[in-house]
Novice: 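Handing you this structure, nothing more for now.
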Number of protein chains: 2
Amino acid sequence: MAEFTFKQQANTSLREKVTHDLREAILNGHLLPGARIKEMEIAEQMGVSRGPIREAIRQLEREGLLLSYPYKETVVADLDADEVQNILMPIRFHIEWFVVKRYLDKLDDGFFGKQQAIIDEMKAAVANGAKSRLVDLDILFHQSILEMASERTVMLTWQSIVNQIRLHFSKNLPFYNLDHMEKDHQELLDAFKTKDLVLIQQAILKHLDSDDNLLCFAK
Amino acid sequence: MAEFTFKQQANTSLREKVTHDLREAILNGHLLPGARIKEMEIAEQMGVSRGPIREAIRQLEREGLLLSYPYKETVVADLDADEVQNILMPIRFHIEWFVVKRYLDKLDDGFFGKQQAIIDEMKAAVANGAKSRLVDLDILFHQSILEMASERTVMLTWQSIVNQIRLHFSKNLPFYNLDHMEKDHQELLDAFKTKDLVLIQQAILKHLDSDDNLLCFAK
DNA sequence: GCTTTGTATTTTGTCAACAATTTGCGATTC
DNA sequence: GAATCGCAAATTGTTGACAAAATACAAAGC
């Protein structure tokens with residue numbers, strides 16, 4: 001039996017907690033696109049000084065969630081559905097394909113089990129109408145693929161797009177037909193299980209397309 | 001004739017100047033990968049306080065040039081040539097293709113003239129052996145394509161990869177055969193001039209490949 | 001000699017005050 | 001009454017001081 005060890009302490013700085021809370025507020029729709037971010041207001045509400053707030057703003061600006069105009073104001077960004085579909089989603093597809101191709105040998109039963117558990121929870125979430133949980137599960141499914149690689153550039157690229165994708169889906173959830181969700185991801189997972197790169201590529205491409213088609217107002 | 005107007009004042013904050021100078025120091029190789037960034041040291045050298053330095057660090061972290069470990073240190077990132085070639089360059093290709101496809105009507109003589117001027121300067125730079133200028137010109141050529149769109153997501157994505165690409169090329173310049181440079185870009189521009197999307201796509205794909213093949217140690 | 005412990009130093013993280021800039025608004029002028 | 005000006009308030013930008021954490025290193029114990 002493995003010897004007992006303590007878990008690593010979190011050791012998160014205030015800045016990271018602020019970034020996290022501010023990000024969640026945006027993703028959960030408590031701060032809507034166009035809403036002005038006043039540093040002092042948020043600092044008081046959180047009970048911290050403006051320093052960590054400002055650093056968080058710089059980070060979220062890069063994540064595409066905030067727009068900052070020097071000396072003027074910073075506001076919550078608005079996303080263009082078309083840009084998300086035609087720029088960010090294909091980038092996600094691309095890095096996913098890169099990782100799967102390169103780390104094919106890491107596609108083991110442990111991985112498949114984890115993915116299957118996510119899909120099963122999707123099924124439950126669809127049944128319960130737990131829509132926001134579905135968005136999280138979708139992100140989780142795709143992120144866990146990328147985490148196999150744990151390559152810096154992969155994760156950095158992912159982080160620079162993931163929250164825009166998440167916000168887009170949260171915002172447009174009413175326009176999506178969620179019933180497909182479980183089936184689409186199951187097909188993707190089944191393709192992974194074959195370990196056949198041709199089949200996997202086809203499945204990823206199809207997954208991308210299916211997302212596209214679900215968007216009612218797609219151009 | 002157009003009426004005379006004054007140019008917009010720069011109105012750059014200290015934070016932005018610090019970010020710029022720090023970025024240039026990294027791109028010009030004055031701060032090598034692994035080098036530790038000490039906030040106080042840089043603040044003293046620049047004659048500013050640590051606030052703007054810290055905000056610049058947050059930004060450059062997101063640009064992939066710095067790595068920050070909370071409560072410990074931040075160091076200059078090292079880039080994996082393979083990741084740049086297989087992740088970042090295809091992303092560049094992708095957003096370029098997206099922009100050209102969508103803004104085909106903006107491909108006018110003014111645009112072609114600007115691009116031709118860049119290529120002409122490439123020719124001169126190759127002749128003079130002005131290598132670092134060549135890297136700038138390559139970036140400039142591709143950036144001016146994206147600037148046609150002035151779409152937020154396009155520019156944000158570009159900014160999150162451009163400096164990694166620039167650093168990669170600066171670093172690996174000795175391994176590239178620069179003679180191709182002018183010819184490759186001329187082919188791309190000629191394809192744009194046809195306004196034929198099939199030809200343009202072929203040219204972009206070929207351009208991506210040619211970059212790939214120039215890399216002597218490519219896997 | 002090697003490990004462990006305590007301590008000084010260095011460095012990062014946070015804060016609260018101050019400066020610079022923008023914005024809102026009322027007074028003034030034509 | 002519309003435009004301009006000047007001032008006050010609000011907000012962002014910057015700073016220097018203080019707090020917390022990590023590191024380096026010497027001393028103590030085995």
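Order of the sequence lines fixes the chain letters, A, B, ..., with proteins taken first and strands second; residue numbering starts at 1 for each chain. All values derive from a computational prediction rather than experimental measurement.
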Novice: Between C:dC15, D:dT15, D:dG13, spot the one nearest the side chain of A:Val48, thanks.
Specialist: C:dC15
Novice: I need the NZ-P distance between A:Lys38 and D:dG13, as an integer number of Å.
Specialist: 15 Å
Novice: Within this structure, what is the CD1-to-C1' distance between B:Ile53 and C:dT11, rounded to whole angstrom?
Specialist: 14 Å
Novice: Has A:Lys72 got a side-chain N or O lying under 4.0 Å from the OP1 or OP2 atom of C:dT22?
Specialist: no
Novice: Under 4.0 Å between a Lys/Arg side-chain N and an Asp/Glu carboxylate O for A:Arg102 and B:Asp80?
Specialist: no
Novice: Could you tell me whether A:Gly51 contacts a base, only the sugar-phosphate backbone, or nothing, with contacts defined as non-hydrogen atoms closer than 4.0 Å?
Specialist: nothing
Novice: Tell me the interatomic distance from A:Glu55, atom CD, to C:dT12, atom C1', rounded to whole angstroms.
Specialist: 10 Å
Novice: Would you kindly give the CD1-to-C1' distance between B:Ile42 and D:dT14, to the nearest whole Å?
Specialist: 18 Å
Novice: Rounded to whole angstrom units, what separation is found between the CD atom of B:Glu39 and the P atom of C:dT14?
Specialist: 11 Å
Novice: When the distance from CG of B:Leu14 to P of D:dT12 is rounded to whole Å, what number comes out?
Specialist: 18 Å
Novice: With nearest nucleotides of DNA chain D determined for B:Glu16 and B:Tyr71 from heavy-atom distances, which residue corresponds to the more 5′ nucleotide?
Specialist: B:Glu16
Novice: Take A:Thr12 and B:Glu41, find for each the nucleotide of DNA chain C with the closest heavy atom, and name the residue whose nucleotide sits nearer the 5' end.
Specialist: B:Glu41
Novice: Quick one: is A:Arg50 getting a side-chain N or O under 4.0 Å of the D:dG13 phosphate, OP1 or OP2?
Specialist: no
Novice: Measure the distance from CD1 on B:Ile57 to P on C:dT12 and round it to the nearest whole Å.
Specialist: 7 Å
Novice: Contact class for A:Ile37 (heavy atom, under 4.0 Å): base, sugar-phosphate, or nothing?
Specialist: sugar-phosphate
Novice: Starting at CD of B:Glu73 and ending at C1' of D:dA24, how long is that distance when rounded to a whole Å?
Specialist: 14 Å
Novice: For the pair A:Arg62 and B:Glu61, find out whether any cationic side-chain nitrogen is under 4.0 Å from an anionic carboxylate oxygen.
Specialist: no
Novice: Quick test of your reading of the model: are A:Arg54 and B:Glu55 salt-bridged, counting only N-O distances below 4.0 Å?
Specialist: yes
Novice: For the side chain of B:Arg36, counting heavy atoms from C-beta on, which of C:dC15, C:dT11, D:dT15 is nearest?
Specialist: C:dT11
Novice: Identify whether the distance between the nearest side-chain nitrogen and carboxylate oxygen of B:Asp136 and B:Arg166 falls below 4.0 Å.
Specialist: yes
Novice: For a quick test of reading the model: is some side-chain N or O of A:Arg54 closer than 4.0 Å to OP1 or OP2 of D:dG13?
Specialist: yes
Novice: Is the distance from OP1 or OP2 of C:dT14 to the nearest side-chain N or O of A:Arg15 less than 4.0 Å?
Specialist: no
Novice: Fit a plane to each ring of B:His142 and B:His207, take the angle between them on a 0 to 90° scale, and name the class: parallel (under 30°), tilted (30 to 60°) or perpendicular (over 60°).
Specialist: tilted
